[in-house]
Amino acid sequence: MSDAKREPEVDQILRVRTGHGANCSSIGSVIDTLFATATVGAAVFAAVLAALKTEDVKVVSPMARSHGVQDKSPQEKDA
Amino acid sequence: MIVRYESWGAWVKLESQPAIVALDRDGVRALGLDGGAAWLEGATPTAPIEVHMAVTARCGAGCEGCYLDARPDGVEPPRETLLGELDALRDAGVFTVAFGGGEPTTRDDLDVLAEDARARGITPVLTTSGLGLTETRLEKLRGFAQVNVSYDGASETYASVRGFDGAGAAERAIERIARAGMRVGVNVVLTRESFPRVRETLARARELGACEAQLLRYKPAGRAASLDYLARRLTLDQARSLGPTLRELADTLCSSGEFHVRIDCALVAFLSADAELANDPARLARFGVFGCEAGGALAAFTVDGRVSPCSFAFATDLRATDLVDHAADTTLTRWRAYVGSPAEPCASCSMRSVCKGGCKVVAAHVDGAHGPDPECPRVAAFRGETRRERAS
């Protein structure tokens, strides 16, 4: 995979779930960003976009065991 | 970052910041990747992204509403058993594991289990009551990305939810975890007694060093699955006021960006009473709000090693170590299928794609059926209208 190809756009982001959410009984979602200004909301997506462009990539293959696929698929490699 | 392909694109867990992102297929291609088999028509549903793992049923707190019915002599699976379950999470591509119980800090190997999860690429988080948090136990929490302390409010409020006053111990735990440099949040159970004091509860938690508060709906499971549930659950007026309450909390407590408020999956249905939010479900979705994801993005492992749709639901026959076979489990399939074609009034609700029908555990307890959440303001109004139509 080439870093030169890594140009995701904000419209291609369907959802952003921020925070760790450490509750052990029901899944939680940050809600205050919904009420924040457009600037704050845009900043959340800008930070995500920057991370998508710079972080090393590892692909996990959820179906590996049940489908007898080897642990590392062709895509499963660090960028 | 860790990428997991989905039929619609991919989930991406970032590592430079605590965030999970859903990218569409074009976005995935823009990363230079391709979904391959996961993007083919008829691909099997993927596994949860978050799993709640009961690592013990042991707890001396005796909370009146404990969803697990944890007790001082509760069972505690050996580490080897939990390692097998963590392997299953890794094989299924799960991103986050939340340790709970029972009181997880009673385990001597908690720090090792956190390392075990991280070694498998899974982010471990944990919930504790904070009771009995010795220095030794505190140090064992360092491997967790975040620790949440159960804190429903100051003395009387706490006692009204749990049946004893553990507020002081919880407050000390929050403060000590924060001072030790770990990320700490609080879990706040909303009952009709604790709801009116939620603002002061969260303000106190923030003052003690919490970075986040997760508001939890009181649910009828374990010891809370009794007639008493009906007297403790939020009133309809309180449910209707959740949206404005959240706005006020955001305005007064979150403006600096250093403290966040979360709501749990079961509370999302109550936002149907808030016109601004209900009319903009795309915004809720874009900011990652999850309604009932039981059996979908969420699953739970029971203390005896079974998979359940969520921590409050009955366990399926699927063994936790076989999580990769979740798509073949009939119970999980039924839960997922209902979300795709719910009954009215959910079928015509603007928030359906986010809310996903509200809490099925509440529906099963109150209505005796896997159906619309009877405590959702929209469902309550629909049923009221239906009754009036029948009477006229």
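Keep in mind that what you see is a predicted model, and the values were worked out from it rather than measured. Note on naming: letters A, B, ... go to the chains in the order of the sequence lines (proteins, then strands), and numbering restarts at 1 for each one.
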Minimal heavy-atom distance between B/T127 and A/A22, with the atoms involved, is OG1-O, 2.7 Å

Heavy atoms of A/H20 and B/R262 approach each other most closely as N-NH1, 4.1 Å

Greatest number of non-hydrogen atom pairs under 4.5 angstrom with chain B, of A/A51, A/G28, A/S25, A/G19, falls to A/S25

- Heavy-atom distance under 4.5 Å between the side chains of B/K219 and A/S26, does that happen here? yes

Any side-chain heavy atom of B/R283 sitting closer than 4.5 Å to one from A/L34?
-> yes

Nearest heavy-atom approach of A/Q12 to B/D26 is NE2-CB, 3.5 Å

Applying a strict 4.5 Å limit to non-hydrogen atoms, the region of B/Y67 in contact with chain A is side chain

Honestly, the part of B/N187 sitting under 4.5 Å from a heavy atom of chain A is side chain

Between A/N23 and B/A98 the two heavy atoms that sit nearest each other are O-CB, 3.5 Å

So, the part of B/Q146 with a heavy atom under 4.5 Å from chain A: the answer is both

Applying a strict 4.5 Å limit to non-hydrogen atoms, the region of B/S16 in contact with chain A is both

Honestly, the part of A/A50 sitting under 4.5 Å from a heavy atom of chain B is neither

Honestly, the part of B/L271 sitting under 4.5 Å from a heavy atom of chain A is side chain

Should the pair B/R286 and A/F45 be classed as cation-pi, given the thresholds of under 6.0 Å to the six-membered ring centre and 45° from the axis? yes

Turns out that what part of B/L253 lies under 4.5 Å from chain A's heavy atoms comes down to neither

Worksheet item: Taking it one step at a time, do B/V3 and A/V60 satisfy side chain to side chain contact (heavy atoms under 4.5 Å, CB included)?
Response: CA-CA 6 Å; B/V3 177; A/V60 293; over 6 Å; no

If one checks every heavy atom of B/V12 against chain A at 4.5 Å, the contacting part turns out to be side chain

If you tally heavy-atom pairs under 4.5 Å between each of A/I31, A/V30, A/I27 and chain B, the highest tally belongs to A/I27

When every non-hydrogen atom of B/G288 is compared with those of A/S29, the smallest separation belongs to O-OG, 3.5 Å

Turns out that what part of B/L126 lies under 4.5 Å from chain A's heavy atoms comes down to backbone

Note: vs chain A, highest number of non-hydrogen pairs under 4.5 angstrom among B/V125, B/L298, B/V289 is B/V289

Counting heavy-atom pairs under 4.5 angstrom with chain A, the leader among B/L215, B/V268, B/L216 is B/L216

Cut-off 4.5 Å, heavy atoms of chain A, and the answer for B/E212 is side chain

| said: Distance to the ring centre below 6.0 angstrom and angle to the axis at most 45 degrees; does that hold for A/R15 and B/F287? | reply: no

In this structure, CG of A/D32 is separated from CG of B/L249 (nearest 0.5 Å) by 9.5 Å

To the nearest 0.5 Å, atom OG1 of A/T18 lies from atom NE2 of B/H260 at 6.5 Å

dist A/R17:CZ -> B/T96:OG1 (nearest 0.5 Å) comes out at 8.5 Å

Okay, B/A47 and chain A: the region with an atom under 4.5 Å from a heavy atom over there is neither

So, the part of B/R183 with a heavy atom under 4.5 Å from chain A: the answer is side chain

One option among B/I20, B/I2, B/L284 has the most heavy-atom pairs under 4.5 Å with chain A, and it is B/I20

B/L14 side chain near A/L52 side chain, heavy-atom distance below 4.5 Å: yes

Answer key: most heavy-atom pairs under 4.5 Å with chain A among B/L267, B/V21, B/I263 is B/I263

All heavy atoms of B/G101 vs all of A/C24, minimum pair found to be N-SG, 4.5 Å

Note: vs chain A, highest number of non-hydrogen pairs under 4.5 angstrom among B/L246, B/V94, B/V186 is B/L246

The interface call for B/A266 against chain A, heavy-atom contacts under 4.5 Å, is neither

Exercise. Are any non-hydrogen side-chain atoms of B/V261 and A/F35 less than 4.5 angstrom apart?
Worked result: no

